[in-house]
Amino acid sequence: MNNQFDSEKKIFIIPSRKKKEFLERIEKDLNEEQRKVVLEADGPSLVIAGPGSGKTRTIVYRVGYLVALGYSPKNIMLLTFTNQAARHMINRTQALIRESIEEIWGGTFHHVGNRILRVYGKIIGINEQYNILDREDSLDLIDECLEELFPEENLGKGILGELFSYKVNTGKNWDEVLKIKAPQIIDKIEIVQKVFERYEKRKRELNVLDYDDLLFFWYRLLLESEKTRKILNDRFLYILVDEYQDTNWLQGEIIRLTREENKNILVVGDDAQSIYSFRGATIENILSFPEIFPGTRIFYLVFNYRSTPEIINLANEIIKRNTRQYFKEIKPVLKSGSKPKLVWVRDDEEEAQFVVEVIKELHKEGVKYKDIGVLFRSNYHSMAVQMELTLQGIPYEVRGGLRFFEQAHIKDMISLLKILFNPQDEISAQRFFKLFPGIGRAYAKKLSQVLKESKDFDKIFQMQFSGRTLEGLRILKNIWDKIKVIPVQNFSEILRVFFNEYYKDYLERNYPDFKDREKDVDQLILLSERYDDLEKFLSELTLYTYAGEKLLEEEEEEKDFVVLSTIHQAKGLEWHAVFILRLVQGDFPSYKSMDNIEEERRLFYVAVTRAKRELYVITYLTRKVKDMNVFTKPSIFLEELPYKELFEEWIVQREI
DNA sequence: ACACACATCGTTTTT
DNA sequence: CGATGTGTGT
């Protein structure tokens, strides 16, 4: 067997100077708690770390230390939960150990799952030419299944998608899943089950995997193939997992199975920052870790190097109100600063004006834009602030919201590459065919089925159509004849031809903002030129979400902009000054999460602990609903606090 | 049977 | 802004 992973377990003799140098750095850069983790976390190790306690730093140094000891980055797996965190960590590791860490297996669980399934998937019957469905694609397929089985049923695809995902990620049975996630439709359990089965079957037929499948089949692979399990156990000499409190049952199982023999597993987490239960995350994984891995060493990092005592004090007060909390208060190290501000404004418009005014003032005082973060519970909460920032010409970047890849025009362009990669992918094919005049839902479906059966694009031109549809097909044939002569490896050329010959006109015909969209497509084509492997390009586009970030870091020229981010995406980040928007009952906590108020509170805790020195929490009493001002209540998270002590209160009034 | 233009409505959080 | 629904035209 000529397996690409075999025979890579080489450990070579430590270049002692390198180790010595590294030990000196550890001595200089880390505190005693952190140092202990870096030097001693062999075997199963659990690090309980508060916000701002330097846990990323600790993990990064641990990896650096392992490399200094002579371990190859190839044999280290570094897992995190969000792309944001993954990027952060990998960049920092790179900066620390200067030599190439290209080969480190780092990234989100989904990334690594994808990488493994492309190699080993066939062992459990996965054709490695699969396409990955993003959320929208997967919901469309679910909708199709529902339509076929129960055309009269008025269940939404949204709720079904959520249930399916929860089921796969938690491994619970349907009864439990419905009781927990959707008790109101518990009588429809059979429908849900049937649609799920159909959905699973269809995905196999189309040779596509959704996000959850990337984890689920990874798990199945470990479970069912002893040989592969052994290979992967051997391959990864060290596994490190960040944000362990946000992992779910399925991810816990993956870790367990990958550590059956080699027990070098380091997980880092903070139960107070667990904010992903909606996708099945459970702190059970932290709590039961010592049982699953007997002999676990537990480390604590409790000193906070990020925030002023005033901010920490507020954070501790917030989290105290959760009954289900397991660990420590965090302890401030920095010297005293000013009290957090509690700001009363009239409505969202005034909120936006206030935020922007203060940003301008801070900037005048010398605070860089990039040291300012504006955080919110839901994406649409930031609309007013975005408008105001634009109006005032302040540079900003939005994290969260529509991802680059999820934009319609990007998905349109990519659908062509996806069907070239995998002609069975009816979802992408339908999307592609619908771009042509005279072809709508129904015809697109027919065409995609013909393509799937024959795997021969030219077959579709033998079909009989009339009128507008015939004309549309003529245009398609014209384009296709130009594209089919280009080798698939040359996919950036394919994109360029398709764009110039057709899609550019399509954009101008259909979107008033076509100029912006054309710019995006230009970016996409430029990005595609950096890849020589189509699979990698497609996978990374779908998995690495480029949320709001410039695709091609333009020469790293002093990027200085205010960051607007959901709290979820802000985890692990920090700013000198932080604004938290809409501490209004119903918005934050979100009215949809009233049954999980403790998690919402943890979210508030996460938001507060992003601030280093200045914190503005904004609340108000009215809100516009269709030109009417209706009354709202301040968030319960404020009312439950002794806020007169914790905050300095501000009331905003407009100059007349 | 099908495509398509237009209107209306409501928005959690992420891979 | 996008998803969804309705009405009209081929």
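Basis for what follows: all heavy atoms, side chains included, without hydrogens, waters or symmetry-related copies. Order of the sequence lines sets the chain letters (A, B, ...), proteins ahead of strands, with each chain counted from 1.
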For A/Phe537, ring pair (Phe, Tyr, Trp, His ring centres under 6.0 Å) partners two or more places apart
A/Phe491, A/Tyr531
Base, sugar-phosphate or nothing for A/Ile439? Non-hydrogen atoms, less than 4.0 Å.
sugar-phosphate
Name the nucleic acid region contacted by A/Lys446, choosing base, sugar-phosphate or nothing; use a 4.0 angstrom heavy-atom cut-off, strictly under.
sugar-phosphate
Need one value for A/Arg441: base, sugar-phosphate or nothing, where a base atom within 4.0 Å counts as base even if backbone is also close, heavy atoms only.
sugar-phosphate
Partners meeting side-chain contact (heavy atoms from CB on, under 4.5 Å) with A/Asp210 (sequence neighbours left out):
A/Leu133, A/Ser138, A/Tyr199, A/Lys203, A/Asp212, A/Asp213
Describe the nucleic acid contact of A/Tyr591 in one word from base, sugar-phosphate, nothing, applying a heavy-atom distance below 4.0 Å.
sugar-phosphate
Residue list, side chain to side chain donor-acceptor pair (under 3.5 Å) with A/Tyr620, at least two apart or on another chain:
A/Arg582
Counting only pairs under 3.5 Å, give me each side-chain donor-acceptor contact of residues 383-391 of chain A, with atom names and distances, residues two or more places apart or in other chains.
unit_1: A/Gln386; atom_1: NE2; unit_2: A/Ser382; atom_2: OG; d: 3.0
unit_1: A/Glu388; atom_1: OE2; unit_2: A/Gln392; atom_2: NE2; d: 3.1
unit_1: A/Thr390; atom_1: OG1; unit_2: A/Gln386; atom_2: O; d: 2.7
unit_1: A/Thr390; atom_1: OG1; unit_2: A/Tyr396; atom_2: OH; d: 3.1

To the nearest angstrom, how far is A/His409 atom NE2 from C/dC1 atom P?
12 Å
At less than 4.0 Å, is any side-chain N or O atom of A/Thr469 found next to OP1 or OP2 of B/dC2? Yes or no.
no
Reckon A/Ser593 touches a base, only the sugar-phosphate, or nothing at all at heavy-atom distances under 4.0 Å?
base
Under-3.5 Å N/O pairs linking protein and nucleotides 3-10 of chain C:
unit_1: C/dA3; atom_1: OP1; unit_2: A/Glu136; atom_2: OE2; d: 3.2

Below 4.0 angstrom from OP1 or OP2 of B/dT11, is there any side-chain N or O of A/Asn379?
no
If only side-chain N and O atoms of A/Gln569 are considered, is one of them under 4.0 Å from the OP1 or OP2 phosphate oxygen of B/dT14?
yes
N/O donor-acceptor pairs under 3.5 Å from side chains in residues 590-599 of chain A, not counting sequence neighbours:
unit_1: A/Ser590; atom_1: OG; unit_2: A/Lys592; atom_2: N; d: 3.1
unit_1: A/Ser593; atom_1: OG; unit_2: A/Glu600; atom_2: OE2; d: 3.3
unit_1: A/Asn596; atom_1: ND2; unit_2: A/Ser277; atom_2: OG; d: 3.1
unit_1: A/Glu598; atom_1: OE1; unit_2: A/Arg324; atom_2: N; d: 3.3
unit_1: A/Glu598; atom_1: OE2; unit_2: A/Thr323; atom_2: N; d: 2.9
unit_1: A/Glu598; atom_1: OE2; unit_2: A/Thr323; atom_2: OG1; d: 3.0
unit_1: A/Glu599; atom_1: OE1; unit_2: A/Ser277; atom_2: N; d: 3.3
unit_1: A/Glu599; atom_1: OE1; unit_2: A/Ser277; atom_2: OG; d: 2.8
unit_1: A/Glu599; atom_1: OE1; unit_2: A/Arg602; atom_2: NH2; d: 3.3
unit_1: A/Glu599; atom_1: OE2; unit_2: A/Ser277; atom_2: N; d: 3.1
unit_1: A/Glu599; atom_1: OE2; unit_2: A/Ser277; atom_2: OG; d: 3.2

Examine A/Arg118 relative to A/Tyr130 and say whether NZ or CZ is less than 6.0 Å from the centre of the six-membered ring and inside a 45° cone about the ring axis.
yes
Is there aromatic stacking of A/Phe278 on B/dT13 here, judged by a ring-centre distance under 5.5 Å and a plane angle under 30°?
yes
